[in-house]
Amino acid sequence: MCGIVGIISHGPVNQSLYDAMSVLQHRGQDAAGIVTVEGNRLSLRKDNGLVRDVFQTRHMLKLRGRMGIGHVRYPTAGCASSAESQPFFVNSPYGISLAHNGNLTNVEQLTRDLFVEDLRHINTGSDSEVLLNVFAHELEKTRKLRLDEQDVFKAVRGVHRRCRGAYAAVALITGYGIVGFRDPHGIRPVVFGKRETAEGVEVMIASESVSLDVLGFELVRDLEPGEAVFVDNTGKITTAQCADEPKLTPCLFEFVYLARPDSIIDNISVYKARLRMGERLAEKVRRERPDHDIDVIIPIPDTSRTSALQMANLLGVKYREGFIKNRYVGRTFIMPGQILRQRSVKQKLNAIDLEFRGKNVMLVDDSIVRGTTSQQIIQMAREAGARKVYFASAAPPVRYPNVYGIDMPAAEELIGHGRDERQIGEAIGADWLVYQDIEDLVEAVRYGNRRIAEFDASVFTGRYVTGDIDQPYLDRVAARRNDQAKAAVDGDDAESDAGSGDIGLHNSA
């Protein structure tokens, strides 16, 4: 899970990119980067850290130009090294920069093909660099000094033929414009919008619609699966379907946890979907325990608030804010490494004893992934004086790894893997555990867009919509990307990584 943005404006674009990335900060807190272009001169700043920490005034002054792309990252594949922060850049052809959200499932084969057949070298362990080089090679096939939009769309078609997995990407082609494209399954979200100014139309491509809202852009629509949008230097927008057999199967977990509630993804309001998740949870509680003894429903901030409030309303139970969140601690789910996640829970949340003391409390969270946070929060509720602690998850049990860009690489790290719901409840210390049924979750989300026949729900069902995932592949991914592997890689990088800092890039095309 990462956040991408690209803007073509009639004035300096650096501040707009910064603001959009700040709005998308929930999608990645490990690293941030911006590339802008003025004439044929590219300027790049990227490093580890939050947007506010990576970009100081001295950096912003160097990011000149009215066209640029940005990225916020958390490390799904690879490591937390700033060497793998994005955007990535290749000089040939034309000078191309790219930012990517997702994960390529055939990255090993692509890396070999790029070296053996395309004579291109990959310098990092990031699949985003692989995606960039595939796109660059396909664009190089045009052998033209001057590009047009059809050349760009032809290159995206080549990307779709070669790349498997999930990818929502934005690329800056120096001297020409910005292209955004989405994989043929539409797993990761990407939208585009425009705003009218006195100088003319300005265009923005981004992971979520909320970033358009904040900057005053009007949402045009989501990119369709397999579709590309090209915005030239003048702001002219052209779109084309570039996949042979596109099928919309967006990620269900985006609606559960990843996206902001004020975003609209594939014509579905994330906020409304989470309200319906709360309704379905309330219905399940009524079915299982019509004579329940819940005194108060308390959300685990922030993502579960919407579902918890609706659940409380329908059950006729008090809703209370029982945990106060320290907003200067990042989201524990997307922190690299189990030790860091464990350490941050008590730094992140503090219980208000008065809301727990002597009560039967129903805690509501969006999901239970590794179980570490849930276990510690339940213990905090008991220490605050709760008589009984019940726990409800707005999502079904997470039992399978994710291979499309969410940090769930190893099945053995998931508390739901190999356990039934009773065993999970015992493991996290809950007196009663209520999970959302998968059918109810799908219906809660799909209610907003009946055109969607299927979602990528692989973390719940074990079915991978791209059709190319088998157990040997999952075993290889787990070996490379589990917490132990990440800790080893990050330890090595800590000694060798000097940071990427500011890089001035010049392209004479």
Side-chain angles (χ1 to χ4, degrees), residues 2-28 32-38 51-52 55 60 63-72 87 97-101 149 152 168-173 176-182 186 188-224 227-240 250 254 258-272 448-449:
C2 299
I4 60 172
V5 59
I7 301 177
I8 288 185
S9 179
H10 291 284
V13 77
N14 52 358
Q15 187 64 52
S16 293
L17 288 169
Y18 178 98
D19 293 341
M21 291 163 59
S22 297
V23 174
L24 295 174
Q25 188 76 85
H26 61 286
R27 299 190 67 88
I34 289 176
V35 168
T36 61
V37 61
E38 184 177 48
V51 173
R52 69 184 183 215
F55 301 100
M60 297 293 285
L63 293 169
R64 301 188 181 116
R66 60 181 188 83
M67 181 168 66
I69 63 175
H71 185 266
V72 291
S97 306
L98 179 140
H100 161 228
N101 173 32
E149 60 268 20
V152 175
V170 60
L172 187 158
I173 307 172
Y176 294 95
I178 292 177
V179 58
F181 54 93
R182 193 178 187 188
R188 300 264 75 85
V190 60
V191 300
F192 68 98
K194 60 183 181 179
R195 66 183 177 190
E196 301 284 346
T197 69
E199 293 80 12
V201 176
E202 299 179 334
V203 183
M204 178 176 176
I205 304 167
S207 291
E208 294 185 33
S209 63
V210 63
S211 53
L212 277 69
D213 298 339
V214 170
L215 272 72
F217 283 80
E218 175 190 356
L219 173 65
V220 175
R221 60 180 174 85
D222 299 79
L223 281 182
E224 295 292 327
E227 189 181 27
V229 56
F230 179 68
V231 188
D232 68 15
N233 289 332
T234 68
K236 176 187 173 185
I237 303 172
T238 311
T239 63
E254 287 278 356
L258 302 182
R260 274 183 43 155
D262 43 348
S263 283
I264 297 175
I265 298 176
D266 293 311
N267 293 320
I268 299 171
S269 164
V270 176
Y271 174 76
K272 290 286 190 179
N449 185 353

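Quantities reported herein were computed from a predicted structural model and do not represent experimental measurements.
- Taken to the nearest 0.5 Å, the CG atom of Leu17 stands 8.5 Å off from the CG atom of Leu63.
- Annotation for Gly70 and Ala99: closest pair O-CB, 3.9 Å, computed over non-hydrogen atoms.
- One distance of note links OG of Ser263 with CG of Leu219; it measures 10.0 Å at 0.5 Å rounding.
- When side chains are defined from C-beta on, Arg52 counts as touching Tyr18, because their heavy atoms get closer than 4.5 Å.
- Between Val23 and Val5, every side-chain heavy-atom pair lies at or beyond the 4.5 Å cut-off.
- Closest of all the heavy-atom pairs between Ile268 and Gly448 is CG1-C, 3.8 Å.
- Arg182 places a side-chain N or O within 3.5 Å of a backbone atom of Leu223 that can act as its donor or acceptor partner.
- Within a 6.0 Å sphere centred on CZ of Arg221, heavy atoms belonging to other residues, nucleotides or ligands number more than 12.
- Once rounded to the nearest 0.5 Å, the distance linking OG of Ser207 with NE2 of His26 reads 8.0 Å.
- No donor-acceptor pair closer than 3.5 Å links the side chain of Thr239 to the backbone N or O of Val229.
- Of all non-hydrogen atoms in Glu254 and Pro189, the two that sit nearest each other are OE2-CD, 3.2 Å.
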Output, in order, the C-alpha distance, side-chain angles, deciding distance and verdict of side-chain contact (heavy atoms from CB on, under 4.5 Å) for Leu258 and Arg188.
CA-CA 11 Å; Leu258 302 182; Arg188 300 264 75 85; 3.9 Å; yes

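- Distance CD1/Ile4 to CE/Met21: 12.0 Å, rounded to 0.5 Å.
- Interatomic distance, Asn267 CG to Asp222 CG, rounded to the nearest 0.5 Å: 6.0 Å.
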For Val214 and Asp19, run side-chain contact (heavy atoms from CB on, under 4.5 Å): C-alpha distance rounded to whole Å, both residues' side-chain angles, the deciding distance at 0.1 Å, then the answer.
CA-CA 8 Å; Val214 170; Asp19 293 341; 5.6 Å; no

Passes side-chain contact (heavy atoms from CB on, under 4.5 Å), Leu215 versus Ile7? Steps please.
CA-CA 11 Å; Leu215 272 72; Ile7 301 177; 4.1 Å; yes

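- Between atom CD of residue Glu224 and atom CG of residue Asp266 there is a gap of 7.5 Å, rounded to the nearest 0.5 Å.
- Of the residues listed (Val179, Ile178, Ile173, Leu172), the one engaging Tyr176 in a side-chain contact (heavy atoms from CB on, under 4.5 Å) is Ile173, and it is the only one.
- Listed here is the closest heavy atom pair of Gly177 and Asn233: N-OD1, 3.7 Å.
- For Ile264, the side-chain contact (heavy atoms from CB on, under 4.5 Å) partners two or more places apart in sequence, or in a different chain, are Ser209.
- Counting heavy atoms from C-beta on, the side chains of Asn14 and Phe55 never come closer than 4.5 Å.
- Each of Val231, Ile237, Thr238 was evaluated against Glu149; a single residue qualifies, Thr238, per the side-chain contact (heavy atoms from CB on, under 4.5 Å) test.
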Walk me through it: do Arg66 and Ile8 pass the test side-chain contact (heavy atoms from CB on, under 4.5 Å)?
CA-CA 6 Å; Arg66 60 181 188 83; Ile8 288 185; 4.1 Å; yes

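- Here the shortest heavy-atom pairing between Gly6 and Val170 reads CA-CG2, 4.0 Å.
- Under a 3.5 Å cut-off, the side chain of Arg27 and the backbone N or O of Cys2 do form a donor-acceptor pair.
- Between the side chain of Asp232 and the main chain of Thr234, a donor-acceptor pair closer than 3.5 Å is present.
- Contact between Gly65 and Glu38 at its shortest, heavy atoms only, is CA-CB, 3.9 Å.
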Return a table of donor-acceptor pairs under 3.5 angstrom between the side chains of residues 197-204 and protein atoms on other chains or two or more places apart.
residue, atom, partner, partner atom, Å
Thr197, OG1, Glu199, N, 3.3
Thr197, OG1, Glu199, OE1, 3.4
Thr197, OG1, Gly200, N, 3.2
Thr197, OG1, Gly200, O, 2.7
Glu202, OE1, Arg195, NE, 2.7
Glu202, OE1, Arg195, NH2, 3.0
Glu202, OE2, Ser9, OG, 2.6
Glu202, OE2, His10, N, 2.9

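- Scanning for side chain to side chain donor-acceptor pair (under 3.5 Å) contacts around Asp262 gives Arg260, with sequence neighbours left out.
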